[in-house]
Participant: 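One structure is given below, represented as structure tokens, and several questions about it will come after.
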Amino acid sequence: MGEETQPPILTIPGISYRMGAMILAEIGDFSRFDSADKILAYAGMSPSTYQSGQLDNCYSHMEKRGSRYLRYALYNATKYVCHWDESFGAYLEKKRSEGKHYNVALSHATKKLVRTIFAMEKSGQAYRVTV
């Protein structure tokens with residue numbers, strides 16, 4: 001990623017050249033994915049399904065079958081984005097106030113970040129702070 005090509009991901013507060021490059025390199029071409037949920041599944045961050053008889057998905061864990069490098073980059077980028085961006089920080093605190101563990105709340109914020117990145121890359125627009 002050179003200075004002449006500024007991808008929209010770098011306009012998100014908290015994402016630097018290194019994390020942005022890791023995320024973009026692991027995802028590759030965004031046209032391969034129809035939705036942000038497919039990127040989450042590719043990263044191995046989608047909830048696993050469990051079904052047995054009448055019991056259907058009572059306690060779903062995150063399945064870790066995807067790219068561990070993308071998962072690592074997204075988690076670390078989310079920590080910094082939650083620190084530097086007020087809307088993501090408020091979202092993390094909202095999930096924490098609901099009684100969720102820090103890592104669970106961070107995974108929710110990561111999913112929000114992936115949806116944001118997907119929308120920005122598809123539209124080509126820079127990040128706008130929402131309050």
Participant: Shared ILVMFWY cluster between Tyr102 and Tyr91, side chains joined below 4.5 angstrom?
Facilitator: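 Unlinked, Tyr102 and Tyr91 end up in two clusters.
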Participant: Test Tyr127 against Ile15 for side-chain contact (heavy atoms from CB on, under 4.5 Å), laying out the working first.
Facilitator: CA-CA 11 Å; Tyr127 179 72; Ile15 295 184; over 6 Å; no
Participant: Taking all non-hydrogen atoms of both residues into account, name the closest pair between Ala109 and Cys82 and its distance.
Facilitator: CB-SG, 3.9 Å
Participant: Report yes if some heavy atom in the side chain of Val81 is under 4.5 Å from a heavy atom in the side chain of Ile12; otherwise report no.
Facilitator: yes
Participant: Suppose the criterion is salt bridge (charged side-chain N to carboxylate O under 4.0 Å, His left out): which pairs have a residue in residues 96-106, not counting sequence neighbours?
Facilitator: Lys94-Glu98, Lys95-Glu98
Participant: If hydrophobic clusters are built from ILVMFWY residues whose side chains come within less than 4.5 Å, do Tyr72 and Tyr42 share one?
Facilitator: yes
Participant: Give the cluster check for Leu92 versus Val104: same hydrophobic cluster or not, with ILVMFWY residues linked at side-chain heavy-atom distances below 4.5 Å.
Facilitator: no
Participant: Locate the shortest heavy-atom distance separating Pro7 from Glu121; write the atom from each residue and the value.
Facilitator: CB-OE2, 4.2 Å
Participant: After noting the C-alpha distance and the side-chain angles of Gln6 and Thr11, does the key distance pass the side-chain contact (heavy atoms from CB on, under 4.5 Å) rule?
Facilitator: CA-CA 9 Å; Gln6 288 288 331; Thr11 60; over 6 Å; no
Participant: Return yes if some donor-acceptor pair links the side-chain N/O of Arg71 with the main-chain N/O of Ala43 below 3.5 Å, else return no.
Facilitator: yes
Participant: Rounded to the nearest 0.5 Å, what separates atom OG1 in Thr110 from atom CE in Met45?
Facilitator: 4.5 Å
Participant: With distance as the sole criterion, is a donor-acceptor pair present between the side chains of Asn76 and Tyr80 under 3.5 Å?
Facilitator: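 Not at all, the side chains of Asn76 and Tyr80 share no donor-acceptor pair under 3.5 Å.
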Participant: Give every donor-acceptor pair under 3.5 Å between a side-chain atom in residues 20-34 and any protein atom, sequence neighbours left out.
Facilitator:
residue: Glu26; atom: OE1; partner: Ser67; partner atom: OG; Å: 2.7
residue: Asp29; atom: OD1; partner: Ser31; partner atom: N; Å: 3.4
residue: Asp29; atom: OD1; partner: Ser31; partner atom: OG; Å: 3.2
residue: Asp29; atom: OD2; partner: Ser31; partner atom: OG; Å: 2.5
residue: Arg32; atom: NH2; partner: Ile27; partner atom: O; Å: 2.6
residue: Asp34; atom: OD2; partner: Lys38; partner atom: NZ; Å: 3.3

Participant: Could you walk me through whether His101 and Leu106 pass the side-chain contact (heavy atoms from CB on, under 4.5 Å) test, one step at a time?
Facilitator: CA-CA 9 Å; His101 188 271; Leu106 191 65; over 6 Å; no
Participant: Consider only side-chain heavy atoms of I, L, V, M, F, W and Y, link residues closer than 4.5 Å, and tell whether Tyr69 and Leu40 are in one cluster.
Facilitator: no
Participant: Regarding Tyr75 and Asn103, do their side chains bring together a donor and an acceptor under 3.5 Å, going by distance alone?
Facilitator: no
Participant: Looking at every non-hydrogen atom in both residues, tell me the closest pair between Lys112 and Ser87 and how far apart they are.
Facilitator: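 So the two residues come closest at NZ-O, 4.0 Å.
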Participant: Could you state whether Ile117 and Trp84 fall into the same hydrophobic cluster, counting links through intermediate Ile, Leu, Val, Met, Phe, Trp or Tyr residues with side-chain heavy atoms under 4.5 angstrom apart?
Facilitator: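 They do not share one cluster, since no chain of ILVMFWY contacts under 4.5 Å joins Ile117 to Trp84.
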Participant: CE of Met19 to NZ of Lys79: how many Å apart, nearest 0.5 Å?
Facilitator: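 That separation rounds to 9.5 Å.
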